Amino acid sequence: MKTAIIKTNDGCFVARFTEQGLAGLEFPAQSPAVARFDNQLDSAQRAWLKTTERAVRAILAGKEPAACPPLDLPKGTAFQRAVWRELRHIPPGVTRSYGEVARALKRPLAARAVGAACGANPIPLLIPCHRVLAANRRLGGFSGGLDWKRRLLEREGVSVNA
DNA sequence: AGTTCGGACCGTT
DNA sequence: AACGGTCCGAACT
């Protein structure tokens with residue numbers, strides 16, 4: 001697993017690449033105690049990095065990315081991957097509730113499990129878990145911090161209840 | 001209107 | 001067996 005940095009106006013994101021594709025994306029750490037980075041990406045990974053950079057910047061601007069790198073989601077359960085795949089169908093500016101995602105997966109009562117799967121999402125932004133709100137149209141939770149969730153939604157033109 | 005409370009639900013560890 | 005990025009209705013203010 002190789003690590004790369006993506007600089008944006010909102011801070012430096014951390015991207016993790018395997019031989020299969022992008023495996024992880026981390027929000028900028030408040031304490032940039034960044035460990036050592038072996039930036040020895042191979043050529044395929046360098047291409048993925050550029051695609052990832054453009055995709056991240058697009059989403060930070062509230063827009064749909066033109067392209068995404070291949071995603072490598074090794075340690076996800078079948079249910080989690082089903083949730084993550086469903087999330088990728090939600091375009092910018094659109095939100096669903098945890099329960100709605102559960103129903104789309106034919107597990108109408110699994111709203112809480114959907115929330116847990118969102119929390120386990122290794123690639124935020126590209127897998128847009130920030131577009132999933134509580135049923136009362138309030139924010140719900142977010143692993144990366146609710147301020148991030150609110151900010152991302154605002155950039156997409158979504159207004160959220162206090 | 002808004003808020004709190006309790007129970008029920010599901011997948012993961 | 002216990003815990004969550006939940007949900008809904010009921011019972012409040």
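Each chain gets a letter, A, B and so on, in the order its sequence line appears, and its residues count up from 1. Since this is a predicted model, take the numbers as computed values, not measurements. Only this structure's heavy atoms are used, side chains among them; waters, hydrogens and symmetry mates stay out.
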#### Entry: Paired and unpaired positions of DNA chain C as dot-bracket, Watson-Crick or G-U wobble under 3.5 Å, | denoting a partner strand
||||.||||||||
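- A side-chain donor-acceptor contact under 3.5 Å links A:Arg57 to the backbone of A:Lys7.
- For the salt bridge (Lys or Arg N to Asp or Glu O under 4.0 Å) test, residues two or more places apart in sequence or in another chain that qualify with A:Glu26 are A:Arg16.
- Residues that satisfy the side chain to side chain contact (heavy atoms under 4.5 Å, CB included) test with A:Ala120, not counting sequence neighbours, are A:Gln80, A:Trp84.
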### Task
Spell out protein contact along nucleotides 8-13 of chain C as letters: B when the base is contacted, S when just the sugar-phosphate is, - when no protein heavy atom is under 4.0 Å; keep the 5' to 3' order.
S-----
### Message
Evaluate A:Val14 against A:Ile5 for side-chain contact (heavy atoms from CB on, under 4.5 Å), listing each step before the verdict.
### Response
CA-CA 5 Å; A:Val14 180; A:Ile5 296 283; 4.1 Å; yes
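- Under the rule for a ring pair (Phe, Tyr, Trp, His ring centres under 6.0 Å), the partners of A:Trp148 that lie at least two apart in sequence or sit in another chain are A:Phe13, A:Phe27.
- With rounding to whole Å, A:Arg107 atom CZ is found 17 Å from C:dC7 atom P.
- The list of side chain to side chain donor-acceptor pair (under 3.5 Å) pairs with a residue in residues 99-111 of chain A, not counting sequence neighbours, is empty.
- For A:Arg81 (side chain) and A:Gly76 (main-chain N/O), a donor-acceptor pair under 3.5 Å exists by modelled atom type.
- Put simply, A:Val94 and A:Leu87 are part of the same group of oily side chains (I, L, V, M, F, W, Y) that touch within less than 4.5 Å, one to the next.
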### Full working for side-chain contact (heavy atoms from CB on, under 4.5 Å) between A:Asp42 and A:Glu19
CA-CA 9 Å; A:Asp42 62 37; A:Glu19 302 303 317; 3.3 Å; yes
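- Applying the salt bridge (Lys or Arg N to Asp or Glu O under 4.0 Å) rule to A:Arg112 yields no partners; only residues at least two apart in sequence or on another chain are considered.
- When all heavy atoms are compared, the tightest approach of A:Ile59 to A:Glu156 is CG2-OE2, 4.5 Å.
- Separation of the P atoms belonging to C:dG5 and B:dG7 is 22 Å when rounded to the nearest angstrom.
- With sequence neighbours left out, A:Asp10 forms a salt bridge (Lys or Arg N to Asp or Glu O under 4.0 Å) with A:Arg151, A:Arg155.
- In this structure, A:Lys149 contributes its side chain and A:Val132 its backbone to a donor-acceptor pair below 3.5 Å.
- Screening A:Val160, A:Leu153, A:Ile90 for a side chain to side chain contact (heavy atoms under 4.5 Å, CB included) with A:Thr95, the sole residue that qualifies is A:Leu153.
- For the segment residues 72-96 of chain A, residues with any heavy atom less than 4.0 angstrom from an atom of DNA chain B are, sorted by number, A:Thr77, A:Phe79, A:Gln80.
- Nucleotides of DNA chain B lying under 4.0 Å from heavy atoms of chain A occupy a range whose first and last members, 5' to 3', are B:dT3 to B:dT12.
- For A:Phe79, there are no ring pair (Phe, Tyr, Trp, His ring centres under 6.0 Å) partners at least two apart in sequence or on another chain.
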What's touching nucleotides 2-5 of chain C from the protein side, N or O pairs under 3.5 Å?
{"unit_1": "C:dG4", "atom_1": "N9", "unit_2": "A:Arg112", "atom_2": "NH2", "d": "3.3"}
{"unit_1": "C:dG4", "atom_1": "N7", "unit_2": "A:Arg112", "atom_2": "NH2", "d": "2.8"}
{"unit_1": "C:dG5", "atom_1": "N7", "unit_2": "A:Ser143", "atom_2": "OG", "d": "3.0"}
{"unit_1": "C:dG5", "atom_1": "O6", "unit_2": "A:Cys118", "atom_2": "O", "d": "2.8"}
{"unit_1": "C:dG5", "atom_1": "O6", "unit_2": "A:Ser143", "atom_2": "OG", "d": "2.7"}
{"unit_1": "C:dG5", "atom_1": "N2", "unit_2": "A:Tyr98", "atom_2": "OH", "d": "3.1"}
{"unit_1": "C:dG5", "atom_1": "N2", "unit_2": "A:Cys129", "atom_2": "O", "d": "2.7"}
{"unit_1": "C:dG5", "atom_1": "N3", "unit_2": "A:Tyr98", "atom_2": "OH", "d": "2.6"}
{"unit_1": "C:dG5", "atom_1": "N3", "unit_2": "A:Gly141", "atom_2": "O", "d": "3.0"}

